[in-house]
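Keep in mind it's a predicted model, so treat the numbers as computed, not measured. Labels below follow one simple rule: chain letters A, B, ... track the order of the sequence lines, proteins then strands, and each chain is numbered from 1.
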Protein chains: 2
Amino acid sequence: MVVCPKCDKSDFIQLAGFVRGRQRFYCKSCAYHFITEHSDRKSRKKNQVTIIDIAERLGVSASTVSRALSGKSDISEVTRQEILKTAREMDYQPNLLAQGLILSETHTIGVIIPNIERPFFASVVSGIQQVASEAGYRVMICQSNESHQTEVANVQALVASRVDGLLICHSIRTETFDHIKLQHRKGIPIIHFDRVCNEIDTPKVLLDNEGGAFLAVEHLLNQGCKNIACLAGPENLIISQERESGYLKALQKYDISVRSELMIRGDFSTAHASEGIERLLSLPQKPDGIFCMHYKNAIEIMVKLKERGIKVPEDICIVGFGDESLTAMIEPSLTTIHQNPYLVGQKAASLFLEKMTGSEESQISKTVIVAGELIVRDSSSRNKV
Amino acid sequence: MVVCPKCDKSDFIQLAGFVRGRQRFYCKSCAYHFITEHSDRKSRKKNQVTIIDIAERLGVSASTVSRALSGKSDISEVTRQEILKTAREMDYQPNLLAQGLILSETHTIGVIIPNIERPFFASVVSGIQQVASEAGYRVMICQSNESHQTEVANVQALVASRVDGLLICHSIRTETFDHIKLQHRKGIPIIHFDRVCNEIDTPKVLLDNEGGAFLAVEHLLNQGCKNIACLAGPENLIISQERESGYLKALQKYDISVRSELMIRGDFSTAHASEGIERLLSLPQKPDGIFCMHYKNAIEIMVKLKERGIKVPEDICIVGFGDESLTAMIEPSLTTIHQNPYLVGQKAASLFLEKMTGSEESQISKTVIVAGELIVRDSSSRNKV
DNA sequence: ATCCTTTGCGGTATCGTTACCGATAGGTAT
DNA sequence: ATACCTATCGGTAACGATACCGCAAAGGAT
């Protein structure tokens with residue numbers, strides 16, 4: 001783009017004939033005639049070493065250098081060592097842009113998550129990076145901030161960067177999946193994790209919400225609880241449904257009849273938790289165990305119970321869901337279901353690698369389910385030895 | 001690399017003459033002669049649309065398409081609109097590799113942090129991404145995992161990807177900075193944040209540890225505390241030194257004499273916290289306020305105090321450092337210094353952008369100090385209204 | 001001694017995009 | 001009418017790396 005050297009604007013530039021074969025310009029804004037300087041690409045970014053620099057220094061061709069660096073090909077060991085030595089000396093860093101362009105392979109995978117600040121996703125990302133980097137892949141991370149539009153933009157940006165694959169956890173507001181389908185049709189490997197899209201046949205990593213909830217409630221039963229309440233989330237939220245299902249299955253297994261007044265549905269908010277515990281404590285037959293679908297609610301409830309002089313776990317046992325850093329530090333420490341987010345990331349990355357290296361016939365889209373783990377702590381430990 | 005079509009090995013391949021101008025090969029492993037098929041690059045990744053595809057469809061040249069897409073240049077509005085329309089229809093995504101190669105500018109910044117799972121760094125990254133994406137930059141994140149070697153590898157990978165700049169928080173084990181100096185000499189913009197390197201003249205974002213500690217201790221004094229203890233970190237750790245300095249300055253300002261027995265140094269561990277509180281409570285003149293350099297220690301101490309029946313904040317006020325999610329949820333909620341990590345990220349990204357757009361003479365390496373914020377909660381609120 | 005391999009390396013096209021230079025048709029001033 | 005502009009577009013050479021092809025010299029077999 002031509003910019004006026006006087007006013008730095010580019011919108012008012014007009015061509016104004018030729019001078020000695022060079023284009024002459026006119027800036028309408030500041031009424032100034034000028035001829036562009038060559039933008040001097042040579043001197044601008046001549047800081048990085050190329051294989052040509054190495055070749056010239058050693059008096060060989062660029063092909064030879066390329067062969068030497070790529071490891072194995074028609075090249076003598078002597079020449080190879082010499083080239084490697086020179087490359088090290090000159091601090092040669094291969095230009096991955098050029099490499100990616102010619103090989104149409106960037107060794108980079110794109111990851112889209114709602115928000116990196118949520119510990120769950122931070123761990124997922126960490127798991128992905130560990131597996132990816134061991135396989136020689138770089139990772140590019142984008143946050144959708146739970147916005148559909150941003151997610152679409154993220155997909156486009158990653159595709160434009162020619163990532164080799166896409167690992168994605170959809171935003172909560174993503175309802176149409178055209179942006180994913182488009183790339184899937186183009187043949188870009190896509191792996192879903194956590195919040196998946198069932199309209200597309202992709203490998204997926206799912207959390208075993210039902211199983212985790214089952215473990216939690218079964219544990220409460222084993223602690224001797226008979227009346228187990230459930231502090232749930234919104235009825236239309238899938239994870240809430242799954243965890244509720246686990247809750248019910250556990251009760252069923254131990255032949256405990258379901259008391260509908262013990263099921264408190266809400267929105268995971270603090271207000272909901274306060275109100276819920278209020279309601280539970282006003283029941284004629286109070287609960288002796290509470291399964292909270294969110295660790296935050298669990299902690300809030302414990303505070304409320306303490307204020308009323310109700311003892312945890314002696315009077316009421318509490319189990320949460322999701323193991324954040326502080327659940328172990330509070331008093332009493334919270335028994336909870338650890339969701340293994342790091343493992344989720346590892347699995348997702350592994351699925352991608354399988355898809356890349358896998359033979360043609362093994363291209364069935366696998367679904368991996370990551371089980372939750374029960375971490376027993378004080379908030380539910382009645383049988384202390 | 002040539003691979004045997006029978007046994008898929010590449011290490012045993014020998015050349016074996018020419019047939020119709022094509023190289024003939026011999027596999028020593030499976031005793032098989034063959035001629036390579038052309039690796040058919042055409043059909044391999046012909047999934048992405050290029051400007052040439054658009055050009056052919058419209059019967060114009062690639063130059064024209066490029067001009068149309070780049071926004072403003074010698075092109076008629078009619079043609080431009082037509083090209084833009086076709087580009088949208090074909091879901092054209094510019095190849096950023098090719099763009100980066102020719103422009104020697106990738107619009108990508110590399111970020112190196114010790115660990116994304118630490119909430120502090122997750123927030124920093126989030127802040128960086130927000131500012132960067134608004135300026136049209138992508139972000140590539142690497143974790144050093146507190147390893148010098150990994151950090152060096154990260155730097156090289158990012159440089160190989162030709163990022164436009166590097167934002168880095170050094171690992172705790174980084175002692176030599178040659179890997180950074182090298183890139184700095186090459187002219188790659190480098191911004192330091194949090195754990196900086198003073199051997200290189202780079203823009204930096206620092207945390208005001210001293211100021212934060214001062215605020216915390218001053219707050220304790222205002223709450224009427226007279227004997228303020230300090231649960232510190234290792235003596236050789238810089239952040240520990242700075243926070244100690246803030247502690248001392250606050251005492252000095254209010255003419256409180258320093259009692260050395262109230263300064264407990266340790267390693268931030270749980271054991272250290274337990275031992276520290278033990279020691280403090282056995283003093284003839286017990287503290288009535290404790291400043292903890294780590295929020296984790298603060299919470300641990302509060303648990304200990306509760307066990308002994310000592311009331312917070314009535315008997316002892318507690319202030320922590322670092323505002324994690326759960327500090328607000330516990331009982332009593334913890335007064336703490338919020339370090340504004342998101343802001344740190346924003347500032348770091350802004351410094352990078354300044355360096356990129358800034359004029360030649362304004363290339364002085366600025367240092368920005370991000371102040372901590374006192375978040376007053378129950379653990380120190382004696383003057384309740 | 002002749003012919004065929006093998007080894008080791010150089011040359012060129014190519015990836016997708018942009019910068020630069022030219023070229024052409026039509027417009028405008030003299 | 002002539003000379004000179006202007007607007008708009010095409011062609012080509014890069015960017016850095018690799019794949020493919022070819023070729024000369026040395027080695028080996030008959």
* **Closest listed nucleotide, where the reference is the side chain of A:Ser66 and the choices are D:dG10, D:dT18, C:dC9** => D:dT18
* Asked: In terms of the angle between their ring planes, are A:His107 and A:Tyr137 parallel, tilted or perpendicular, with boundaries placed at 30° and 60°?
  -> tilted
* **Nearest-Å distance for atom pair CD1/P, residues B:Ile52 and C:dA13** => 16 Å
* Asked: Can you tell me how far P of C:dT14 sits from CG of B:Leu101, to the nearest Å?
  -> 17 Å
* Below 4.0 Å: OP1/OP2 of C:dG10 and any side-chain N or O of A:Thr64 -> yes
* To do: Round to a whole Å and report the spacing from CG of A:Leu69 to P of D:dG16.
  => 15 Å
* Structure fact -> Atom CD of A:Glu105 and atom P of C:dG16 are separated, to the nearest Å, by 15 Å
* Does B:Thr50 place a side-chain N or O at less than 4.0 Å from the phosphate oxygens OP1/OP2 of C:dG16? -> no
* Name the nucleic acid region contacted by A:Ser70, choosing base, sugar-phosphate or nothing; use a 4.0 angstrom heavy-atom cut-off, strictly under. => nothing
* Interatomic distance, A:Ile141 atom CD1 to A:Ile128 atom CD1 [nearest 0.5 angstrom] -> 8.0 Å
* **Heavy-atom neighbours of A:Lys85 NZ exceed 12 at 6.0 Å** => no
* Separation of A:His107 atom NE2 from D:dA17 atom P, in whole Å? -> 16 Å
* Do the two ring centres, one from B:Phe177 and one from B:His170, sit under 6.0 Å apart? -> yes
* Quick check: does any side chain N or O of B:Asp164 sit under 3.5 Å from a backbone N or O of B:Ile109, one acting as donor and the other as acceptor? -> no
* To do: Identify whether any heavy atom of B:Val60 sits under 4.0 Å from a base atom; if not, whether one sits that close to sugar-phosphate; answer base, sugar-phosphate or nothing.
  => sugar-phosphate
* To do: Round to the nearest Å and state the distance from B:Asp74 atom CG to C:dA23 atom P.
  => 16 Å
* B:Leu103 side-chain proximity, nearest of C:dC9, C:dA19, C:dG16 -> C:dA19
* Asked: Taking the side chain as C-beta and beyond, is there a heavy-atom pair between A:Phe193 and A:Ile113 under 4.5 Å?
  -> yes
* To do: Look at the side chain of B:Arg67 and the base of D:dG10, then say whether one donor and one acceptor between them are separated by less than 3.5 Å.
  => yes
* Structure fact -> Within residues 88-100 of chain B, those residues having any heavy atom closer than 4.0 Å to DNA chain D are none
* Asked: Ignoring hydrogens and geometry, is there a side-chain-to-backbone donor-acceptor pair from B:Ser161 to B:Val163 under 3.5 Å?
  -> no
* When you look at CD of B:Gln149, are more than 12 heavy atoms from neighbouring residues, nucleotides or ligands closer to it than 6.0 Å? -> no
* Separation of atom CD1 in B:Ile83 from atom P in C:dT17, rounded to whole Å -> 13 Å
* **Closest nucleotide among C:dT18, D:dC9, C:dA19 to the B:Ile102 side chain** => C:dT18
* With the side chain of A:Ile51 defined as its heavy atoms from C-beta on, choose the nearest nucleotide among D:dA17, C:dG8, D:dC9. => D:dA17
* Structure fact -> In whole angstroms, the gap separating P of C:dT7 from CD of A:Glu77 amounts to 14 Å
* Under 4.0 Å between a side-chain N or O of A:Ser76 and OP1 or OP2 of C:dC9? -> yes
